[in-house]
*Asks:* 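Please find one structure pasted underneath; my questions will follow.
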Amino acid sequence: MTPASRSPADGRVVVIGVGNEFRRDDGAGPAVVASLRGRVPPGVELLLADGEPTRLIEAWTGAALAVVVDAVLANPPRPGRVHRFVLDRPLAGTTRTASSHGFGLDDAVRLALALDRMPGRLVVHAIEADDLALGQGLTPLVAAAVGDVARAVLSDMPDAGP
């Protein structure tokens, strides 16, 4: 089955950790996905992405539920603060998120809407970053948020246990 032929009715669930673990807090998405290994219901796909819009679209095309976890920048910043957004219908207007990547998730959403390649439901968990410099390891406040976000992701899924 090609991605374009998949439909949300297939019941596919995908969790996408967006980021780069070699840019400190930008590794928050991959860290959440790593913490979910062995904990998600059978059939849930755990994927990593760099945030490039077409790769995100490819990952979620045909999914009934796509959960995206990413680091974001905020002003004023509050590192470790978590935001949750749900999109189960087209955007009413334009939005602009402050992704830690050159292109934001909103770019992927706009393109997916234009191409009719949105998942049935999109849930975004965004963790405010502190340090996006080159290097490994999350800052303490962002690292502390990883477990909470992983539990929230599990609660977003149908048939997820306690």
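On a predicted model such as this, the values are computed, not experimentally measured, just so you know.
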*Asks:* How long is the gap from CE on Met157 to CG on Leu65, to the nearest 0.5 Å?
*Replies:* 7.5 Å
*Asks:* Could you pull out the closest heavy-atom pair between Val72 and Ala126, with the gap in Å?
*Replies:* CG1-CB, 3.6 Å
*Asks:* What pair of heavy atoms forms the shortest contact from Arg39 to Ala150, and how long is it?
*Replies:* NH1-CB, 4.0 Å
*Asks:* Please report the closest heavy-atom contact between His125 and Ala152, naming both atoms and the distance.
*Replies:* CE1-CB, 3.6 Å
*Asks:* Please answer whether the main-chain N or O of Arg117 pairs with a side-chain N or O of Trp60 as donor and acceptor at a distance below 3.5 Å.
*Replies:* yes
*Asks:* Looking at Arg78 and Glu128, is there a salt bridge between them, counting it only when a charged N and a carboxylate O are closer than 4.0 Å?
*Replies:* no
*Asks:* Under 4.5 Å between any side-chain heavy atoms of Leu115 and Thr61, yes or no?
*Replies:* no
*Asks:* Looking at Gly19, is its backbone amide N or carbonyl O close enough to the side chain of Arg23 to form a donor-acceptor pair, meaning the two atoms are under 3.5 Å apart?
*Replies:* no
*Asks:* So, for Ala108 and Leu56, which heavy atoms are closest and what is the spacing to 0.1 Å?
*Replies:* CB-CD1, 4.0 Å
*Asks:* Can you measure from CE (Met118) to CD1 (Ile57) and round to the nearest 0.5 angstrom?
*Replies:* 9.0 Å
*Asks:* Taking atom CG of Asp156 and atom CZ of Arg84, what is their separation to the nearest 0.5 Å?
*Replies:* 4.5 Å
*Asks:* Indicate yes or no for a side-chain donor-acceptor contact from Asn20 to the backbone of Asp26 under 3.5 Å, with no hydrogens or angles considered.
*Replies:* no
*Asks:* Give, for atom CG of Asp130 and atom CZ of Arg81, the distance between the pair rounded to the nearest 0.5 Å.
*Replies:* 13.0 Å
*Asks:* Quick one: which of Val32, Val82, Leu36 gives a side-chain contact (heavy atoms from CB on, under 4.5 Å) with Val69?
*Replies:* Val32
*Asks:* List, one per line, each side-chain donor-acceptor pair under 3.5 Å for residues 133-148, sequence neighbours excluded.
*Replies:*
unit_1, atom_1, unit_2, atom_2, d
Thr139, OG1, Asp25, OD1, 3.0
Thr139, OG1, Asp25, OD2, 2.8
Asp148, OD1, Arg151, NH2, 2.5

*Asks:* Measure across Ile16 and Ala49 and return the closest heavy-atom pair with its distance rounded to 0.1 Å.
*Replies:* CG2-CB, 3.7 Å
*Asks:* Are Val14 and Leu47 side-chain neighbours, meaning at least one heavy-atom pair lies under 4.5 Å?
*Replies:* yes
*Asks:* I need the minimum non-hydrogen distance between Ile127 and Ala28, along with the two atoms involved.
*Replies:* CD1-CB, 4.0 Å
*Asks:* Calculate, to the nearest 0.5 Å, the distance between atoms CG and NE2 belonging to Asp70 and His83 respectively.
*Replies:* 12.0 Å
